[in-house]
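Below, each value reflects all heavy atoms present in this structure, side chains not excepted, and no hydrogens, waters or symmetry copies.
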Amino acid sequence: MNTDHGATRTGAEVSTSQDEAGERNSVAGGDGSVATTRVGALPVAKTPRPPAAQGRGNPQRVAVIIPAKDEAARIAATVRSARAIPHVDLVLVVDDGSTDDTQHVARDAGAVVVRHSHNRGKAAAMETGAAVVAMRDADGRAPRLLLFVDGDLGDTAVNTAPLVAPVREGVADLAIALLPKQTGAGGRGIVVGTARRAIQHLTGWSPSQPLSGMRCLTREAFEAATPLAHGWGVETGMTIDLLRQGYVAVEVPCDLKHRASSNDLKGQLHRAGQYRDVVLAVNARRVRGAVDAVRGIGRSHESAQS
């Protein structure tokens with residue numbers, strides 16, 4: 001699935017490597033503010049870390065969820081690459097109404113596959129994937145972390161591995177991939193800029209790549225972000241919702257390559273759809289924030305009267 005990475009800028013990044021203890025990092029804190037820290041004083045995620053198993057350290061596993069539509073040409077390489085990510089014991093492909101052989105190719109490559117009979121959109125595919133993983137978590141162990149990966153990453157999917165560490169180690173509830181500039185990418189950064197400014201206005205954090213779909217998060221954080229925003233607004237909506245609720249987000253550089261949208265008519269229509277969905281997601285959260293503020297004033301008034 002494509003995202004518009006045109007004209008993005010270098011921004012908040014995080015490193016959990018202990019031999020980079022002098023490096024400063026920016027993260028979105030639990031109150032939506034941006035805090036600069038040293039690696040030795042990294043933030044603490046809102047989601048509690050699971051207790052360590054005796055003699056085994058952190059037992060938490062990771063499920064890779066790949067929403068995909070008509071990705072038969074690349075899905076096998078993506079699945080095989082994702083299976084090589086440390087701590088991953090489940091790769092799940094949600095075939096969102098493909099008209100090609102995506103489901104069969106993915107299954108042959110070693111993925112668990114569920115299928116929508118018709119195209120329901122990325123948000124629905126993500127929610128379906130998370131629900132299936134939850135059913136497979138029911139064995140008394142800590143819920144798996146959810147690592148969302150686009151179906152067109154191919155052999156580079158394994159490079160989403162750095163997203164797992166900050167979430168698994170309790171530094172963040174949500175880790176977002178920072179992608180290098182993509183060859184052939186079109187666009188002028190209008191959609192990216194719109195999403196970035198909205199997130200900053202509503203939360204205080206200005207992410208570098210707000211539309212990045214490669215994300216690792218805890219089960220608790222995912223459920224706190226549901227219902228997800230429609231269509232291409234899902235990432236922007238998720239980021240706003242989680243920061244407003246006190247969850248911690250970080251951006252992590254990942255060497256990923258995907259099929260970028262160009263400047264042809266198809267690419268322009270794609271970006272127009274992105275812009276529409278981002279604006280809808282942002283406006284819905286602005287309204288929700290205004291309603292919550294009014295309710296808060298009402299509750300304060302009632303308390304003062306009692």
Side-chain angles (χ1 to χ4, degrees), residues 1-14 25-37 43 45-47 122-123 126 146 148 150 163 166-167 171-179 185 187-218 220-254 271-293:
M1 296 185 177
N2 300 333
T3 53
D4 183 353
H5 294 294
T8 58
R9 58 181 175 77
T10 302
E13 300 178 3
V14 67
N25 302 298
S26 295
V27 299
D31 59 356
S33 62
V34 178
T36 300
T37 68
K46 180 178 179 179
T47 309
K122 185 177 183 180
M126 292 171 68
L146 306 177
F148 290 94
D150 285 354
L163 296 175
V167 181
V171 172
D173 304 284
L174 168 66
I176 304 169
L178 283 174
L179 281 70
R188 299 180 179 178
I190 295 174
V191 184
V192 170
T194 298
R196 181 187 299 128
R197 288 189 295 272
I199 293 171
Q200 183 175 27
H201 176 72
L202 294 175
T203 73
W205 186 45
S206 181
S208 294
Q209 293 185 8
L211 304 184
S212 175
M214 276 55 71
R215 298 176 169 223
C216 182
L217 68 166
T218 63
E220 178 182 312
F222 181 83
E223 292 179 351
T226 55
L228 300 176
H230 173 76
W232 299 109
V234 61
E235 292 87 6
T236 303
M238 174 187 287
T239 302
I240 294 170
D241 290 343
L242 291 183
L243 292 182
R244 278 179 160 180
Q245 295 178 68
Y247 291 92
V248 176
V250 298
E251 289 184 304
V252 183
C254 297
R271 284 187 289 277
Q274 280 186 309
Y275 182 81
R276 175 201 62 213
D277 290 349
V278 166
V279 170
L280 288 173
V282 169
N283 287 342
R285 281 146 185 82
R286 283 177 174 155
V287 171
R288 187 186 307 164
V291 171
D292 289 345

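- With contacts defined as side-chain heavy-atom distances shorter than 4.5 Å, the pair L242/D173 does not qualify.
- Under the 4.5 Å side-chain criterion, counting only non-hydrogen atoms from C-beta, M126 is not in contact with R215.
- Atom CE of residue M238 and atom OG1 of residue T226 lie 9.0 Å apart, to the nearest 0.5 angstrom.
- Contact record, A229 with A281: CB-CB, 3.8 Å, taken as the closest heavy-atom pair.
- In this structure, T194 and Y275 approach most closely via the heavy-atom pair OG1-CE1, 3.5 Å.
- Taken to the nearest 0.5 Å, the CZ atom of F222 stands 4.5 Å off from the CG atom of L228.
- Remark: of the listed residues T203, I240, T236, I240 is the sole one forming a side-chain contact (heavy atoms from CB on, under 4.5 Å) with R285.
- Contact check for K122 versus E235: side-chain heavy atoms found under the 4.5 Å cut-off.
- Expressed to the nearest 0.5 Å, how far CG of L211 lies from CD of Q274 amounts to 5.5 Å.
- Annotation: side chain of V282 is not in contact with side chain of H201 (no heavy-atom distance under 4.5 Å).
- Summarising the geometry, atom CG belonging to L243 is positioned 11.0 Å from atom NZ belonging to K46; distances are rounded to the nearest 0.5 Å.
- Between H230 and L280 the shortest side-chain heavy-atom distance does not fall below 4.5 Å.
- Between L179 and Q209 the shortest side-chain heavy-atom distance falls below 4.5 Å.
- When all heavy atoms of D277 and G233 are compared, the closest pair comes out as CB-N, 3.4 Å.
- Going from atom CG of L174 over to atom SG of C216 covers 8.5 Å, rounded to the nearest 0.5 Å.
- Minimum interatomic distance between A177 and S212 (heavy atoms only, all atoms of both residues): O-OG, 2.7 Å.
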Chi angles and distances behind the side-chain contact (heavy atoms from CB on, under 4.5 Å) call for Y247, D241: CA-CA 9 Å; Y247 291 92; D241 290 343; over 6 Å; no

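- The one candidate from T239, V278, V192 that meets the side-chain contact (heavy atoms from CB on, under 4.5 Å) condition with P210 is V192.
- You'll find the side chain of P207 stays beyond 4.5 Å of the side chain of I176, heavy atoms only.
- Nearest heavy-atom pair across A221 and T47 is N-OG1, 4.4 Å.
- The side-chain heavy atoms of V167 and T218, taken from C-beta on, include a pair separated by under 4.5 Å.
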